[in-house]
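Numbering of residues begins at 1 and proceeds along the displayed sequence. Atoms considered below: every heavy atom in the structure, side chains included; atoms not considered: hydrogens, waters and symmetry mates.
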Amino acid sequence: MAIVLDEPGVDGLREAVGVLREWQYEGAPMQLHPGDLGWFWRSGAEATAEAVRTWSRGGRILAVGLLDGPGLLRLTIAPDAHRDGELARQLADDVTDPERGVLPEGKVNIEAPMGALLQELLSEEGWNTDEPWTPLRRDLTEPVRDPGVRIVAVGPEQAHVFVAVHRAAWDGSRFTDERWHAMAAGLPYADARCLVAYDGRGNAVAAVTVWSAGPGKPGLLEPMGVHREHRGHGYGRAISVAAAAALRELGSSSAIVCTPSSNVGAVATYKSAGFQQLPEVRDRYRDA
């Protein structure tokens, strides 16, 4: 049967999110998580649908991609199809040819599971490896210790607090209250939490969103940030510990996060919160 490239539309997002949940498992390579779609959902369901691509054979989705920016495709593949030659060839052709509506002309990047046959095909076709990223994982078998600061799970009434911390943590952030509500209305947010940490004076100092993929599966931190005026006091570690605790309450088997390896401060923060550093991963890129 032929492999079909598709844009699922808003009505097809539920199936795409569903397969992403199914494909998460302990020991999986760092890959696209339903929480990645959940965080993108801050732009609305229609924009999310426009950014999603699926590859199917015989009615079964084998790969899901998210255009996380004009020149970046974040792609993952069904666990039993990582070495599927027909699929890998189709994916390579589709991401290479701009006329197929996946990636445009010019310099572009693709994130795909390490070990997938697609990685080898792209290398053969001249795609290089980009700067390294560091995945980190914390096992949630045992209870998580108290983070040592007050943690509040944010609801609609406190959305403005989360937004304010996020904007103070990320230079150039365009996050707004409206975008928070759009994100919270998305399908993946049914198994997600937004947390805010407060210092002893009642200042909101750090924030994180955690995304469960369902009981017994890895949960994702995306994003985590500390208010620029409150850095250097351990609040990044505290909110990361709180994130792990929240994911454990949601039934997650582990907490995972990925950060640029060049951000040594972030790597150190996660490690201080009990996350173990995993082997680095790299995107593939094609020069203009």
Side-chain angles (χ1 to χ4, degrees), residues 5 16 19-20 23-25 27-40 43 47-48 50-55 62-79 81-84 87-98 100-137 170-172 211 213 218 220-225 256-267 270 275 277-288:
L5 165 63
V19 296
L20 286 178
W23 297 348
Q24 309 304 313
Y25 63 93
M30 199 69 193
Q31 61 175 333
L32 189 68
H33 190 278
D36 292 310
L37 265 65
W39 177 236
F40 195 96
S43 298
T48 304
E50 290 175 2
V52 171
R53 300 290 184 274
T54 61
W55 286 262
L62 295 175
V64 176
L66 173 67
L67 289 164
D68 200 0
L72 170 61
L73 178 70
R74 303 183 63 190
L75 175 76
T76 195
I77 300 167
H82 279 200
R83 306 298 298 178
D84 184 312
L87 175 64
R89 183 72 269 161
Q90 183 73 44
L91 289 169
D93 291 346
D94 288 342
V95 302
T96 300
D97 184 354
R100 301 197 182 185
V102 182
L103 287 168
E105 294 181 350
K107 183 177 179 180
V108 293
N109 283 59
I110 180 169
E111 172 192 300
M114 303 302 293
L117 181 57
L118 174 63
Q119 292 274 2
E120 298 165 29
L121 296 185
L122 292 177
S123 177
E124 291 171 2
E125 295 182 9
W127 290 60
N128 298 310
T129 53
D130 215 335
E131 296 300 313
W133 288 66
T134 296
L136 300 103
R137 173 187 179 275
W170 299 92
D171 294 336
W211 305 88
L220 178 71
L221 282 65
E222 174 62 24
M224 185 280 283
I256 57 174
V257 67
C258 197
T259 190
S261 299
S262 59
N263 191 345
V264 293
V267 173
Y270 291 123
F275 287 72
Q277 185 172 338
L278 302 176
E280 289 179 328
V281 296
R282 294 173 183 261
D283 293 354
R284 291 270 175 191
Y285 74 91
R286 179 192 67 204
D287 277 322

Is the closest side-chain heavy-atom distance between [X] and [Y] below 4.5 Å?
X    : Y    : value
L91  : L87  : yes
H82  : P113 : yes
R284 : S123 : yes
Q119 : M114 : yes
V281 : P29  : no

Between R83 and E120, is the side chain to side chain contact (heavy atoms under 4.5 Å, CB included) condition met? List the steps.
CA-CA 10 Å; R83 306 298 298 178; E120 298 165 29; 2.7 Å; yes
What is the minimum heavy-atom distance between [X] and [Y], and which atoms define it?
X    : Y    : result
E111 : L72  : N-CD1, 4.4 Å
E105 : P98  : CG-CG, 3.4 Å
A116 : I77  : CB-CD1, 4.0 Å
L67  : F40  : O-CE1, 3.7 Å
W127 : L103 : CH2-CD1, 4.2 Å
Q24  : P34  : NE2-CD, 3.7 Å

Check this for me: does any side-chain nitrogen of one of R89 and E125 sit under 4.0 Å from a carboxylate oxygen of the other?
yes
Report the C-alpha distance between L73 and V108 in whole Å, list the side-chain angles of each, state the deciding distance to 0.1 Å, and finish with yes or no for side chain to side chain contact (heavy atoms under 4.5 Å, CB included).
CA-CA 8 Å; L73 178 70; V108 293; over 6 Å; no
Quick one: list whatever passes ring pair (Phe, Tyr, Trp, His ring centres under 6.0 Å) with W39, sequence neighbours left out.
H166, F175
Spacing of [X] atom [atom1] and [Y] atom [atom2] [to the nearest 0.5 Å]:
X    : Y    : atom1 : atom2 : value
Q90  : D84  : CD    : CG    : 11.0 Å
M224 : T259 : CE    : OG1   : 8.0 Å
T134 : F275 : OG1   : CZ    : 14.0 Å
L5   : D94  : CG    : CG    : 5.0 Å
R74  : L32  : CZ    : CG    : 6.0 Å
L122 : L118 : CG    : CG    : 4.0 Å

Candidate pair I256 and L278, rule side chain to side chain contact (heavy atoms under 4.5 Å, CB included), full reasoning:
CA-CA 10 Å; I256 57 174; L278 302 176; 5.8 Å; no
So, R53 side chain and G101 main chain: donor-acceptor pair closer than 3.5 Å or not?
yes
Checking S43 now: which residues fulfil side chain to side chain contact (heavy atoms under 4.5 Å, CB included) with it, not counting sequence neighbours?
A47, R179
Sequence neighbours excluded, which residues qualify as side chain to side chain contact (heavy atoms under 4.5 Å, CB included) partners of P79?
W23, Y25
How far apart are the C-alpha atoms of L20 and D36, what are their side-chain angles, what is the distance that settles it, and do they pass the side chain to side chain contact (heavy atoms under 4.5 Å, CB included) test?
CA-CA 10 Å; L20 286 178; D36 292 310; over 6 Å; no
